[in-house]
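Chain A is the first sequence line, chain B the second, and so forth, proteins listed ahead of strands; every chain is numbered from 1. Values in this document were obtained by computation on a predicted structure and should not be read as measured data.
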Amino acid sequence: MHVPNGFIDAPVSVGAGLVAAAGVAVALRGARRELDDRTAPLAGLTAAFVFAAQMLNFPVASGTSGHLLGGALAAILVGPYTGVLCVSVVLLVQALLFADGGVSALGVNIVLMAIVTVLAGYGLFRGLLKVLPKNRAAVTGASFAAALVSVPASAAAFTLIYALGGTADVPIGGLATAMLGVHVLIGIGEALITAVTVSSVLRVRPDLVYGARELIGRPELRVQAPVPAQA
Amino acid sequence: MNRKRFFLGFLLVSLVLAGVVSFYASASPDGLEKVATDKGIAEKEKEHSLGDSPLGDYGVKGVDDARLSGGLSGVIGVGVVLLAGGGLFWIIRRPGAKDSGGASGTAS
């Protein structure tokens, strides 16, 4: 999903850069509330995991692959504001060191892969948790759905940006259909990776999963609670 | 699982994915590249301005073995992202807030 240089014209690239800068600024303010001595290292590790997972292209259809975007995953693990920052750091490193994603398209890529995925994915995740039972299976299921939707949401956002500032004259309806079609398939891979990762962390350290913090008591609380009753 | 061990395990998974498993990743174009090629968008692509960087396209310049070059670039990338992201998050965190060390932690 990394947009290279030349796909989007200069004015829309600059506009997307401004939106990305505003989004990152909001995320920097919001992330203060999500990060403490416990969760700051986890957030760094989550960014590193997203980078690693983005290298793993999986086949989705003949001659086409996809890879994790990671916005939904990062938001569920470390919080939505920190999640935007995690993916943004990954995109910055990829653009500057790995020639992956154009430098002039960095704003576009942050909007598509850091901001839209978190808004769509984490928004759906929170909505689902309101109606689902409060247990680990529900968190895993909501993670699956959030990740699944985040990828076509990102593809739809690309189509919209392309309609505004695309450099080639292509019919937007056909572009939208093609982008959404393939990215629904990629979304299934995103959903599987996200659900497996979230449920793995939930199994060993549920207290560290931001998205589950209201549902699952910290393990030390569960262990300590019966002690006064027995004394 | 104590927190330090969990963090080390999480890092190890990322290093193995980027350093070893990445060699087996699909080389097919991703969804956007495929659609861009099919629809004639890709003709407008411009060269990456940092395309000949030492780590360009997930390989280490000067290392000829594909498995080693790609794996090494992945490990370096994981390290750089961890340092950049971890450093940023450590700076902007609320210092000292509810630090509990796994099972021995305090119930605040």
Chemist: In terms of heavy-atom proximity below 4.5 Å to chain A, should Phe6(B) be classed as side chain, backbone, both, or neither?
Modeler: side chain

Chemist: Just by distance, do the side chain of Gln94(A) and the backbone of Gly101(A) share a donor-acceptor pair under 3.5 Å?
Modeler: no

Chemist: Hey, does the side chain of Ser13(A) reach the backbone of Ile8(A) with a donor-acceptor pair shorter than 3.5 angstrom?
Modeler: yes

Chemist: With the side chain counted from C-beta on, respond yes when Leu69(A) and Val87(A) share a heavy-atom pair under 4.5 Å apart, and no when they do not.
Modeler: no

Chemist: Against chain B, work out which of Thr39(A), Val170(A), Val78(A) has the most heavy-atom pairs shorter than 4.5 Å and name it.
Modeler: Val170(A)

Chemist: Examine distances only and state if a side-chain atom of Arg93(B) and a backbone atom of Trp90(B) form a donor-acceptor pair shorter than 3.5 Å.
Modeler: yes

Chemist: Is Leu15(B) in contact with chain A via its backbone, its side chain, both, or neither, using a 4.5 Å heavy-atom distance?
Modeler: neither

Chemist: Provide the full list of ring-ring contact (aromatic ring centres under 6.0 Å, His included) pairs with a residue in residues 90-114 of chain A, sequence neighbours left out, each pair given once.
Modeler: Phe51(A)-Phe98(A), Phe98(A)-Tyr58(B)

Chemist: For residues 42-66 of chain B, which residue pairs pass the salt bridge (charged side-chain N to carboxylate O under 4.0 Å, His left out) check, not counting sequence neighbours?
Modeler: none

Chemist: Measuring heavy-atom distances to chain A, does Val13(B) have an atom under 4.5 Å in its side chain, in its backbone, in both, or in neither?
Modeler: side chain

Chemist: Sort out for me which of Ser65(A), Ala168(A), Ser104(A), Gly44(A) touches chain B most, counting heavy-atom pairs under 4.5 Å.
Modeler: Ser65(A)

Chemist: Name all pairs fulfilling the ring-ring contact (aromatic ring centres under 6.0 Å, His included) condition that reach into residues 29-49 of chain A, sequence neighbours left out, sorted by first residue then second.
Modeler: Phe49(A)-Phe10(B)

Chemist: Based on non-hydrogen pairs under 4.5 Å, which of Gly19(B), Gly74(B), Gly40(B) is most in contact with chain A?
Modeler: Gly74(B)

Chemist: Report which part of Val35(B) has an atom under 4.5 Å of a heavy atom belonging to chain A: side chain, backbone, both, or neither.
Modeler: side chain

Chemist: With chain B as the partner chain, list the residues of residues 150-167 of chain A whose heavy atoms fall under 4.5 Å from it, by residue number, and write 'none' if nothing qualifies.
Modeler: Phe158(A), Tyr162(A), Thr167(A)

Chemist: At a heavy-atom distance under 4.5 Å, which candidate from Met179(A), His67(A), Glu34(A), Gln54(A) has the highest pair count against chain B?
Modeler: Met179(A)

Chemist: For the candidates Gly70(B), Ser22(B), Gly86(B), Ala84(B), which exhibits the highest count of non-hydrogen atom pairs separated by less than 4.5 Å from chain A?
Modeler: Ser22(B)

Chemist: With rounding to the nearest 0.5 Å, note down the distance linking CG in Leu88(B) to CG in Leu83(B).
Modeler: 12.5 Å

Chemist: Under 4.5 Å, counting heavy-atom pairs only, tell me which of Ala36(B), Gly77(B), Pro54(B) racks up the most with chain A.
Modeler: Gly77(B)

Chemist: Evaluate side-chain contact (heavy atoms from CB on, under 4.5 Å) for Asp100(A) paired with His48(B), printing each intermediate quantity in order.
Modeler: CA-CA 8 Å; Asp100(A) 190 14; His48(B) 199 285; over 6 Å; no

Chemist: For chain A, which of Val78(B), Ile92(B), Val81(B), Ile41(B) has the most heavy-atom pairs under 4.5 Å?
Modeler: Ile41(B)

Chemist: Ignoring hydrogens and angles, tell me if any N or O in the side chain of Thr37(B) forms a donor-acceptor pair with the backbone of Ala42(B) under 3.5 Å.
Modeler: no

Chemist: Could you check which of Leu85(A), Ile186(A), Val50(A) has the highest count of heavy-atom pairs closer than 4.5 Å to chain B?
Modeler: Leu85(A)

Chemist: Looking at Gly56(B), is its backbone amide N or carbonyl O close enough to the side chain of Ser53(B) to form a donor-acceptor pair, meaning the two atoms are under 3.5 Å apart?
Modeler: yes

Chemist: So, the side chain of Thr197(A) versus the backbone of Ile193(A): is there a donor-acceptor pair under 3.5 Å, distance only?
Modeler: yes

Chemist: For the pair Arg29(A) (side chain) and Val26(A) (backbone), establish whether a donor and an acceptor sit closer than 3.5 Å, ignoring hydrogens and angles.
Modeler: no

Chemist: Which pair of non-hydrogen atoms, one from Cys86(A) and one from Ala74(A), has the smallest distance, and what is that distance?
Modeler: CB-CB, 4.1 Å

Chemist: What part of Lys39(B) is in contact with chain A, defined as an atom under 4.5 angstrom from a non-hydrogen atom: side chain, backbone, both or neither?
Modeler: both

Chemist: I need the residue from Gly59(B), Gly85(B), Ser26(B) with the largest number of non-hydrogen atom pairs under 4.5 Å to chain A.
Modeler: Ser26(B)

Chemist: Please rank Leu92(A), Val90(A), Leu96(A) by heavy-atom pairs under 4.5 Å with chain B and give me the top one.
Modeler: Leu96(A)

Chemist: Donor-acceptor check, side chain of Asn109(A) to backbone of Val3(A), threshold 3.5 angstrom: yes or no?
Modeler: yes

Chemist: Could you check which of Val89(A), Val182(A), Val93(A), Leu45(A) has the highest count of heavy-atom pairs closer than 4.5 Å to chain B?
Modeler: Leu45(A)

Chemist: Relative to chain A, which of Ser28(B), Gly9(B), Ala27(B), Ala18(B) shows the most heavy atom pairs under 4.5 Å?
Modeler: Ser28(B)

Chemist: Identify which part of Ser62(A) has an atom lying under 4.5 Å from any heavy atom of chain B, answering side chain, backbone, both or neither.
Modeler: backbone

